[in-house]
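Structure, as structure tokens:
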Amino acid sequence: MTGTDLYDRARLSKEPGDVRRRIERLEKLLENLFVVPGINRPVGLDALLSLVPGVGTLSGAALGSYLVWEARNLGLSKWQLARMNLNTLLDMGLGAIPVIGVVPDFFFRSNSRNLRIVRKHLDRHHPASDPAALPRE
């Protein structure tokens with residue numbers, strides 16, 4: 001399959017608005033899936049995966065790396081990508097701590113931080129025709 005890339009094979013749009021919606025949905029899934037009753041803190045798949053030793057932390061990091069991959073394809077600078085990779089690696093490192101590794105996932109939300117970096121880039125380089133139409137959380 002020469003001449004095709006992952007976007008073509010997966011039938012994903014490269015349009016900045018479509019990319020924004022994809023990564024916003026991913027961030028919501030990973031960081032804000034539901035609110036824990038009693039403590040009123042949002043929890044997502046990233047924190048739940050951290051409960052599974054080893055495999056869960058790696059799975060969460062792989063999902064977070066997809067967000068960085070999308071950012072690279074949008075043309076973010078090497079500095080921005082380095083910050084995003086550092087956020088993902090730090091989250092993975094903290095999540096790898098046995099037993100208490102899930103606690104940092106409540107406070108250090110690497111995917112939310114990375115989404116802010118991408119949004120800032122998109123707002124600057126690919127402004128939407130109607131910014132009010134794009135949901136912000």
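Just so you know, residue 1 is the first one in the sequence shown, and it goes up from there.
- Expressed to the nearest 0.5 Å, how far CH2 of Trp69 lies from CG of Leu74 amounts to 10.0 Å.
- Summarising the local packing, CD1 of Ile100 is surrounded by 12 or fewer heavy atoms from other residues, nucleotides or ligands at distances under 6.0 Å.
- Evaluation of the side chain to side chain donor-acceptor pair (under 3.5 Å) test over residues 37-59, restricted to residues two or more places apart or in two chains, returns Ser50-Asp105.
- Using a 4.5 Å heavy-atom cutoff, the side chains of Ile23 and Val118 are in contact.
- Inter-residue side-chain proximity for Val19 and Asn73 is flagged as unmet; no heavy-atom pair is nearer than 4.5 Å.
- Closest of all the heavy-atom pairs between Glu31 and Arg109 is O-NH1, 2.9 Å.
- Not one N or O on the side chain of Glu27 forms a donor-acceptor pair closer than 3.5 Å with the backbone of Leu115.
- Across all their heavy atoms, Leu48 and Phe34 have their closest contact at CD1-CE2, 3.9 Å.
- Leu89 and Phe108 fall into different hydrophobic clusters, where Ile, Leu, Val, Met, Phe, Trp and Tyr are joined by side-chain heavy atoms under 4.5 Å apart, directly or via other members.
- Here the side chains of Met84 and Arg113 are not in contact, with every heavy-atom distance at 4.5 Å or above.
- Atom CG of Asn111 sits about 6.5 Å away from atom CG of Asp91, to the nearest 0.5 Å.
- Asp123 has a carboxylate O that lies under 4.0 Å from a charged side-chain N of Arg20, or vice versa, which qualifies the two as a salt bridge.
- The OH atom of Tyr66 lies 7.5 Å from the CG atom of Leu26; values are rounded to the nearest 0.5 Å.
- Note that CG of Leu45 is 6.0 Å distant from CG of Leu30, once rounded to the nearest 0.5 Å.
- Pairs passing the side chain to side chain donor-acceptor pair (under 3.5 Å) check and including a residue from residues 94-104, sequence neighbours excluded, do not occur.
- Taking both residues in full, the closest heavy atoms of His121 and Leu76 are given as CD2-CD1, 3.3 Å, listed atom of the first, atom of the second, then distance.
- Note: the hydrophobic cluster containing Leu29 does not contain Met92 (ILVMFWY, side chain heavy atoms under 4.5 Å, direct or indirect links).
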Mind running side-chain contact (heavy atoms from CB on, under 4.5 Å) on Leu63 and Leu49 for me, showing each step along the way? CA-CA 11 Å; Leu63 290 168; Leu49 287 171; 4.1 Å; yes

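- In this structure, Asn32 and Pro42 approach most closely via the heavy-atom pair OD1-CB, 3.3 Å.
- Hydrophobic clustering, with ILVMFWY side chains joined whenever heavy atoms are under 4.5 angstrom apart, groups Val103 together with Leu51.
- Listed by first and then second residue, the side chain to side chain donor-acceptor pair (under 3.5 Å) pairs that reach into residues 75-88 are Ser77-Gln80, Asn87-Asn114, Thr88-Asn114, sequence neighbours excluded.
- By the criterion of side-chain heavy atoms lying less than 4.5 angstrom apart, applied directly or through intervening Ile, Leu, Val, Met, Phe, Trp or Tyr residues, Val35 is not grouped with Phe107; the two fall into different hydrophobic clusters.
- When every heavy atom of Ser13 is checked against every heavy atom of Arg22, the shortest pair comes out as O-NH2, 2.9 Å.
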